[in-house]
Amino acid sequence: MAPITLQASVLAHGRVAGVARNVKARVPRARMTVRPAVAAAETEAAPEAEAAPAPAPEQQQQQRQRRQGRRQQQSSLGPARTMAITEVEVGKEYDGVVVSIRDFGAFVNIGAQTDGLLHISQISTDFVRNVNDTLSSGQEVRVRVMNIDQERGKFAVTMIPEGAAPAPRAADAEAEASGDRPQLKQQARAAKAARKAPRAAVPVSAGDVIKGKIATVAPFGVFVEVGEGFTGLLHETEMVRGEGVPAPAEGQEIEVTVVSVKGDKIQLSQRSAEELQQEKELRVSGLKTEVPAGLGRLAQQMARAGISADMFQKAAPKEEKKEKKEKAPKKEAAKEEAPAEPAPAAEPAPAAAAAAPAAEPAKEEKKEAAAAPAAGISAALVKELREASGAGMMDCKKALAECNGDIEKAKEFLRKKGLASADKKAGRIAAEGAVWSYIHAGSRLGVLVEMNCETDFVARGEKFQELVNDIAMQIAACPEVTVVSVADVPAEVLAKEKAIEMEKEDIKSKPENMREKIVQGRVDKIAKTMALLEQPFIKDTNKTVAEVIKEAIAGIGENIQIRRFERFVLGEGIEVAKADLAADVEAQTKAMQEAAAKKEAEKKEEAPKEEAKAEAKPAVAISAAVVKQLREKSGAGMMDCKKALAECGGDVEAASEYLRKKGLASADKKAGRVAAEGAIGAYIHAGSRLGVLVEVNCETDFVARGEKFRELVNDMAMQIAACADVRVVSVADVPADVLAKEKAIEMEKEDIKSKPENIREKIVQGRVEKIAKEMALMEQAFIKDTSKTVAEHIKEQIAGIGENIQVRRFSRYVLGEGIEKKTADFAAEVAAQTGGKL
């Protein structure tokens with residue numbers, strides 16, 4: 001019963017996570033509009049510009065000289081430009097000179113390498129209509145730096161004093177009254193009038209049969225010219241093309257029927273008017289017929305379609321079938337007994353000649369009988385099959401027609417059709433996809449999985465992401481699963497299971513010629529329990545995970561593969577010592593007594609020393625503000641902070657180092673305790689191309705539920721994601737064979753061979769130790785504070801939380817690493833698709 005409970009829990013948790021994941025916000029881009037007044041001015045100036053003759057070369061030379069003179073004049077204005085952009089301070093005031101004036105403001109030289117931008121809105125608290133009314137080139141001004149863009153080497157300044165409030169904008173009211181305000185309302189009216197301007201009417205209507213040339217060929221169909229300035233879409237599903245007929249090309253003239261006209265969108269088809277009308281009726285309401293009461297669901301649907309039992313031939317009774325079967329062997333025996341004589345050529349018997357024309361009406365009757373169910377499939381039945389299978393409308397209609405309206409058989413028909421197309425796609429390379437994680441409620445179970453597809457477009461789709469999430473929950477719900485497919489089960493595991501099965505008593509009692517087959521069947525069953533693809537799908541136990549993947553391949557249209565996964569269960573494999581309460585109480589009491597006695601002895605020894613120190617060191621007054629500052633910095637208790645400040649003479653930095661050393665010392669004492677509780681955390685980088693699963697242990701579940709511990713787990717997951725070279729938790733976990741290999745490589749390097757023999761070993765050992773540290777998580781610089789290592793950060797957390805904390809294991813996946821992609825030759829692909837005609 002345990003696996004069933006786990007599956008139900010995983011499904012419930014996954015539904016909540018899926019709702020939050022599918023919420024997406026989209027912010028539309030603002031569109032820039034051209035003011036009508038400016039556009040009109042440009043339109044009026046255009047003829048004048050065209051009529052004006054081009055300036056002579058001498059005039060162009062004079063213009064260039066004038067521009068150079070203006071630039072030299074601007075560069076000479078103001079103080080010398082000796083200050084780098086990095087030396088400019090935000091909020092500081094500078095004396096400067098206006099070097100140039102623009103419509104939107106002015107540029108001010110404050111002695112920096114670049115001029116600061118003084119926007120028109122930052123000149124004064126009053127409304128400034130024209131910059132030239134307030135400022136002039138060469139004017140000395142006092143400005144304050146607002147912000148700096150270090151990357152682009154730009155900064156902005158203001159002349160408004162800090163804290164000054166803007167004055168009431170009376171000028172705005174006067175401008176509005178005089179009509180001299182920017183033409184915002186006129187602009188809105190002009191845009192509205194442009195939208196309401198009369199447009200040319202669509203030259204066709206629904207039901208028209210027209211001939212037009214193909215204007216554009218797209219992957220999903222073609223656009224056909226239906227009139228001047230109008231094109232209609234002929235979708236590939238609406239095309240009628242016989243075998244051997246080439247694909248439509250641009251400029252080709254074809255005959256089409258207008259299906260619908262909605263605004264500028266014109267839908268076309270090459271199907272006949274009867275087919276279109278029949279589909280419309282089927283889609284709207286189906287065939288309306290009287291339905292007798294008391295019929296089942298399938299019978300009601302068939303009755304609505306006008307199908308009755310009288311239309312079909314009744315099956316022959318069982319007795320007649322038996323007689324036919326008995327007669328057949330007798331006839332064959334009679335043929336065998338008859339002597340083989342050469343038969344003279346003879347004309348066909350009259351009965352055979354009469355049977356030939358009779359066969360044709362029989363075939364026609366069968367065709368009519370087969371066409372009757374196809375014509376009578378109701379829209380409701382097609383809709384039901386579409387919702388159940390996800391296939392297209394015409395595919396569903398065809399499947400129902402093939403299966404005589406039986407929806408269950410039609411599902412199986414579509415499923416087989418989809419699986420067949422999925423098998424063709426299974427051989428393609430899938431190097432894109434997503435890395436996904438699933439953390440069960442309580443953070444005691446976690447999964448990391450990598451699924452691949454062919455393109456990143458599909459990987460970003462909602463269907464693929466839902467499939468990846470379902471597979472992650474599937475792995476979480478299957479504790480016995482260790483590999484993706486049966487082929488991935490190690491041979492030594494199968495050999496071991498086979499040896500165990502061969503030694504069982506029930507096998508020894510079987511005949512020797514059957515033992516091998518029985519054992520092989522059991523081993524195959526064990527292998528299937530270990531393979532993910534052979535498990536019943538948690539959302540539909542009637543099909544396996546492999547079948548779900550194949551259905552997804554058929555629906556999405558790309559090869560999809562589960563490449564690898566990792567499943568962590570909190571504390572699995574950790575041996576927790578059995579608690580003996582009486583012994584623990586006795587040991588703790590004894591330890592407390594020994595500690596108290598030791599403390600008393602230390603006090604007696606240190607009393608004279610403290611008196612001497614007190615005489616030598618003057619008492620330092622510790623303020624509450626300094627204690628608060630140290631508490632915020634270190635997180636230690638108030639009395640501990642006060643004592644540390646007293647010991648360090650009020651120096652906050654020295655007191656912080658004092659508390660840190662004290663905390664690390666207490667953390668080292670706690671490092672020997674068993675940590676079997678904790679949490680499993682995950683981190684998926686933006687884009688789902690990098691994922692991490694990590695298990696961090698502590699001593700109690702109370703601490704594991706705390707905010708500080710959860711923040712530490714999240715930090716560790718991000719740390720592992722940021723360190724591409726990390727392979728193990730600590731240096732001690734680096735395999736010996738890896739170190740030996742690295743040592744052998746270093747010994748063969750040229751720079752080592754040139755060193756004296758007595759120091760080669762030390763140099764190589766130092767290099768190998770450095771490589772080992774690069775592979776160990778604990779030796780990396782902490783991403784949030786690079787002044788300390790991960791090991792030091794964990795020790796600080798141990799000191800603060802008060803329990804032993806350990807990073808036990810982790811797994812890091814990078815999407816597609818190790819997969820060899822094919823090098824695409826675009827020209828060759830185009831030539832192959834066009835038959836060499838480019």
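One is the number of the first residue; the rest follow in order along the sequence.
- Under the side-chain contact (heavy atoms from CB on, under 4.5 Å) criterion, Arg564 pairs with Glu450, Tyr813, Glu817, not counting sequence neighbours.
- The aromatic rings of His440 and Tyr438 sit tilted, their planes meeting at an angle between 30° and 60°.
- Applying the salt bridge (Lys or Arg N to Asp or Glu O under 4.0 Å) rule to Asp456 yields the partners Arg460; only residues at least two apart in sequence or on another chain are considered.
- With sequence neighbours excluded, no residue forms a side chain to side chain donor-acceptor pair (under 3.5 Å) with Thr257.
- Ser260 meets the side chain to side chain donor-acceptor pair (under 3.5 Å) test with no other residue; sequence neighbours excluded.
- In this view, Val458 and Cys453, Thr455, Phe464, Ile556, Glu558 satisfy the side-chain contact (heavy atoms from CB on, under 4.5 Å) rule, not counting sequence neighbours.
- For Glu275, there are no side chain to side chain donor-acceptor pair (under 3.5 Å) partners two or more places apart in sequence or in a different chain.
- Under the side-chain contact (heavy atoms from CB on, under 4.5 Å) criterion, Ala215 pairs with Glu225, Thr231, not counting sequence neighbours.
- For the salt bridge (Lys or Arg N to Asp or Glu O under 4.0 Å) test, no residue two or more places apart in sequence or in another chain qualifies with Lys211.
- The salt bridge (Lys or Arg N to Asp or Glu O under 4.0 Å) check on Glu534 picks up nothing, with sequence neighbours excluded.
- Qualifying salt bridge (Lys or Arg N to Asp or Glu O under 4.0 Å) partners for Glu236, counting only residues two or more places apart in sequence or in other chains: none.
- With sequence neighbours excluded, no residue forms a side chain to side chain donor-acceptor pair (under 3.5 Å) with Asp406.
- Not counting sequence neighbours, the partners of Glu238 by the side-chain contact (heavy atoms from CB on, under 4.5 Å) test are Leu234, His235, Ser269, Arg271, Leu276.
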